[in-house]
Amino acid sequence: MVTLTFPDGASRDYEDGITPMAVAKSISSGLAKKVLAAKLNGELWDALRPVEGDASIELVTAKDPEGLELIRHDAAHVLAEAVQELFPGTQVTIGPVIENGFYYDFHRDEPFSDEDFAAIEKKMRFIIERNDKFTREVWDRNDAIKLFTEMGETYKAELISDLPEDETITIYRQGNWFDLCRGPHLPSTGKVGKAFKLMKVAGAYWRGDANNVQLQRIYGTAWATQEELDQHLHMLEEAEKRDHRRLGRELSLFHMQPEAQGMVFWHDNGTTLWREVENYIRRRLQVADYQEIKTPILINNQLWKKSGHWDKFRENMFVSEVSHGAHDEVHALKPMNCPAHVQVFNQGLKSYRDLPLRLAEFGCCHRNEPTGALHGIMRVRGFTQDDAHIFCTEDQITDETKSFIRLLKSIYEDFGFEDLLVKFSDRPQTRAGTDETWDKSEKALMDAVTAAGVDVVLNPGEGAFYGPKLEFVLRDAIGRDWQCGTLQVDFVLPDRLGATYIGEDDQRHIPVMLHRAILGSMERFIGILIENYAGKFPLWLAPTQVIVATITSEADDYAQNVCDKLTAAGLRVKTDLRNEKINYKIREHSVGKIPVIAVVGKREAEEGKVALRWLGEGNKQQDIMSIDEAVTVLSQKSLPPDLARG
RNA sequence: CUGGGUGUAGCUCAGUGGUAGAGCUGCCGUUUUGUAAACGGAUUGUCGGGGGUUCGAAUCCCUCCACCCGUUCCA
């Protein structure tokens with residue numbers, strides 16, 4: 001007899017060896033059809049595996065996150081079986097569940113291609129149709145290794161030998177096919193359903209190590225229902241439509257070309273966007289008591305040797321060698337701004353009264369990233385950081401961090417990002433500084449985030465070698481995460497570069513340096529803005545805010561007059577006097593994502609009015625008003641959020 | 001860095017050994033237009049670069065480059 005307790009607190013007795021499936025049947029046949037697995041005392045359990053003793057039980061269906069994971073996991077198994085049937089000689093390795101789906105890594109000499117997908121999917125559907133039961137078998141370790149070795153499945157055999165001694169080795173069977181697997185699984189392949197799709201094939205290393213052989217990874221997505229699959233595919237389409245590379249071209253924001261790989265040619269529109277973002281940050285920093293500076297891009301390698309970059313970062317730096325008659329000089333483009341900022345700090349004697357000293361720069365950095373790492377304007381070789389270094393005492397770390405987080409959150413919110421994830425990375429294996437220093441700086445940082453009321457996710461051992469760091473990740477309009485801001489505590493660099501201040505005790509002390517960025521890089525952040533807004537920028541950011549479009553050429557002079565008045569009020573305005581129908585102009589500028597179209601025809605010209613049409617899905621509403629009113633309304637609405645707050 | 005894919009007009013793409021194409025954009029003309037595409041016309045090319053095979057190459061082979069998707073790394 002076993003006693004099972006249900007989530008509602010009720011408990012029932014069942015005979016020994018009862019399965020969760022049988023439990024479900026005892027409740028209702030409808031539930032029995034839906035049940036995929038169970039949670040026994042919180043542990044996921046096969047629906048067909050007998051219960052071992054008293055437990056709390058929770059039945060898992062496709063509606064539960066765990067149920068969806070099982071569907072994806074089993075889809076991976078079905079994929080593996082299908083592939084092995086269609087491509088004999090292919091070895092299986094691992095096939096985990098990932099966000100939105102699953103993948104399976106195979107070893108096969110010939111490449112898979114997208115064209116194989118149709119056949120594989122067909123075979124998968126066949127296996128699912130067949131509805132084979134998943135059965136769990138516990139194996140002796142050596143027997144299992146022998147089994148897989150004899151089958152030629154060397155990867156599986158290797159996996160088993162590397163499992164901890166006390167681990168139970170389980171094999172799951174589906175029909176004639178089986179796989180090493182911890183489980184649990186669905187009752188049968190049929191429960192995987194039809195809402196799956198193979199997405200792409202890519203290379204991946206065995207155990208993620210580039211020194212190992214390369215495997216072929218087939219990615220798939222799987223969902224509980226067809227609707228969810230469709231929704232997911234739709235989201236992907238939406239992401240493609242928002243792709244900043246596409247919008248960058250369509251809206252003429254920027255372009256890139258092979259002669260300057262990983263560097264951006266900003267066009268007029270993109271530059272306007274940049275300038276608005278930069279000016280906004282500049283205003284925020286000014287209020288937050290930062291000083292803005294500008295330091296050289298090209299610096300002699302003597303400094304990089306002192307800072308340690310020449311040792312640690314040389315392969316990522318662009319180096320310039322120039323011959324000056326007899327002697328050569330070696331310079332490098334700065335990959336970071338910090339050493340240069342210390343040089344500014346070092347000018348003149350600093351007192352403790354000068355601290356905290358916050359030096360900010362829109363610093364243009366270059367890093368020689370591998371080609372494969374580049375991606376549009378999100379990951380480039382030449383980028384501008386909204387960088388700053390706060391020189392302070394150890395006691396000031398907490399307060400500085402607190403006010404930094406407050407500033408960062410407020411800035412993200414102004415751009416429409418409400419969701420923020422903060423990662424806390426503590427001491428790495430190889431590090432500089434004593435344990436006491438690390439204890440102190442980690443505590444100061446942690447106290448600060450707690451005081452700022454932010455939850456953090458621990459990222460153990462991922463800190464910089466010179467100190468712990470915070471990483472700020474924001475979530476965009478379609479649910480994607482982007483790492484932008486960062487704050488790093490540094491006890492090393494100020495020491496190396498000889499930064500000191502005179503303390504209250506009249507002695508020289510070494511300041512702590514906080515490296516911090518909010519947007520991260522202007523390029524990436526603007527890329528994120530493009531995708532987040534899908535090119536439909538809020539009025540204050542829009543490269544062109546208003547188009548004055550005429551209905552007939554009789555209104556040309558009047559349109560120019562309207563344009564002049566709006567421009568004089570500081571708005572970014574263009575006229576469209578072309579010999580085209582108003583329908584044509586409205587469509588074109590709507591597609592061009594211009595926020596406001598000011599339509600003027602004979603009527604408006606006679607009455608001294610404008611008809612404002614706001615960008616929006618199927619928005620036909622227009623506001624008719626005098627020119628002066630339009631100036632007032634548009635000036636008000638185009639204020640950046642910080643200025644709008646007054 | 002490694003695996004796969006792609007590279008043809010400004011954009012999206014067709015063209016698999018025999019005279020380089022379509023749609024959209026742009027340009028010119030007609031149309032003076034009332035809220036998401038008026039009509040007509042002409043033009044548009046180192047077929048990613050280089051080399052090779054062939055009577056003949058966008059097409060086959062070699063090589064280099066860039067981009068895309070993964071992996072990795074990061075701002």
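Chain letters run A, B, ... following the sequence lines, proteins first, then strands; residues in each count from 1.
For B/C1 and B/C73, the C1' atoms lie 11 Å apart once the distance is rounded to whole Å. Comparing B/G17 with B/C60, their P atoms sit 8 Å apart, to the nearest whole Å. Distance check on atom C1': B/G29 versus B/A14 gives 31 Å, rounded to whole Å. Using atom P as the reference point in both B/U8 and B/G41, the two lie 29 Å apart (nearest Å). Comparing the same atom, C1', in B/G51 and in B/A57 gives a spacing of 13 Å after rounding to whole Å. Using C1' as the reference atom, B/A58 and B/A9 are 14 Å apart when rounded to the nearest Å. Taking the C1' atom of each, B/U30 and B/C68 are spaced 44 Å apart, rounded to whole Å. Comparing the same atom, P, in B/C61 and in B/G4 gives a spacing of 15 Å after rounding to whole Å.
Across A/R613 and A/S590, no two heavy atoms sit closer than the pair NH1-OG, 4.2 Å. Closest approach of A/G95 and A/A76 over heavy atoms only: O-CB, 3.7 Å.
Nucleotide B/C67 holds its P atom 11 Å from the CE atom of A/M263, rounded to whole Å. In this structure, the CZ atom of A/R578 is 17 Å from the C1' atom of B/U30, given to the nearest Å. Summarising the geometry, the separation between CD1 on A/I551 and C1' on B/G34 is reported as 4 Å, rounded to the nearest angstrom. A/L251 has its CG atom 14 Å from the C1' atom of B/C11, to the nearest Å. At whole-Å resolution of the value, CD in A/E588 and P in B/A38 are 11 Å apart. What separates CD of A/E580 from C1' of B/U25 is a distance of 12 Å, to the nearest Å. Here B/G4 presents its P atom at 17 Å from CZ of A/F106, a figure rounded to the nearest Å. Taking atom NZ of residue A/K581 and atom P of nucleotide B/C39, one finds them 9 Å apart after rounding to whole Å.
Shown here, B/G3 forms a base pair with B/C69; the pair counts as Watson-Crick or G-U wobble because both key distances fall under 3.5 Å. Across all strands shown, B/A9 forms no Watson-Crick or G-U wobble pair with both key distances under 3.5 Å. In this structure, B/A38 and B/U30 make a Watson-Crick or G-U wobble pair, each of the two defining distances being under 3.5 angstrom. Applying the Watson-Crick and G-U wobble criteria (two distances, each under 3.5 Å), B/G56 pairs with nothing in any strand. Look at B/U46: it lacks any Watson-Crick or wobble partner with both distances under 3.5 angstrom.
Positionally, the nearest nucleotide of RNA chain B for A/Q216 lies more toward the 5' end than for the other of A/S590 and A/Q216. Annotation: of the two residues near RNA chain B, A/G262 and A/T552, the 5′-most nearest-nucleotide partner is A/T552.
Using a 4.0 Å cut-off between charged nitrogen and carboxylate oxygen, A/E278 and A/R275 do not count as a salt-bridge pair. In summary, A/D476 and A/R242 do not engage in a salt bridge, as defined by a charged side-chain N under 4.0 Å from a carboxylate O. The pair A/R358-A/E400 meets the salt-bridge criterion, since a charged nitrogen lies less than 4.0 angstrom from a carboxylate oxygen. Salt bridge annotation for A/E250-A/R246: present, with a cationic side-chain nitrogen under 4.0 angstrom from a carboxylate oxygen.
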Nucleotides 69-75 of chain B: protein proximity per nucleotide (B base, S sugar-phosphate only, - neither; heavy atom, under 4.0 Å): SSB-BBB
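The side-chain contact (heavy atoms from CB on, under 4.5 Å) test with A/N337 singles out one residue from A/T384, A/I293, A/D387, and that residue is A/D387.
Partners of A/D105 according to the salt bridge (charged side-chain N to carboxylate O under 4.0 Å, His left out) rule, which considers only residues two or more places apart in sequence or in another chain, are A/R217. In this structure A/P595 satisfies the side chain to side chain contact (heavy atoms under 4.5 Å, CB included) test together with A/L539, A/A542, sequence neighbours excluded.
Contact annotation for A/K585: no contact, since no heavy-atom pair falls under 4.0 Å across all strands. Using a 4.0 Å heavy-atom distance criterion, A/A549 is classed as making no nucleic acid contact. Within the 4.0 angstrom heavy-atom criterion, no nucleotide atom of any strand lies near A/G592.
Judged by atom type and distance alone, A/E554 does not reach the base of B/U32 through any side-chain donor-acceptor pair under 3.5 Å. In terms of polar N and O atoms assigned as donor or acceptor, the side chain of A/E604 comes within less than 3.5 Å of the base of B/G34 in a complementary pairing.
Dashed line: the shortest gap from a side-chain N or O of A/R249 to OP1 or OP2 of B/U12 is under 4.0 Å. OP1 or OP2 of B/A36 lies within a sub-4.0 Å distance of a side-chain N or O belonging to A/R613.
Which of B/U32, B/G34, B/U35 sits closest to the side chain of A/R603 comes down to B/G34. Closest to the side chain of A/Q261, out of B/A66, B/G34, B/U32, is B/A66.
Aromatic ring centres of A/F472 and A/Y412 lie farther apart than the 6.0 Å criterion allows.
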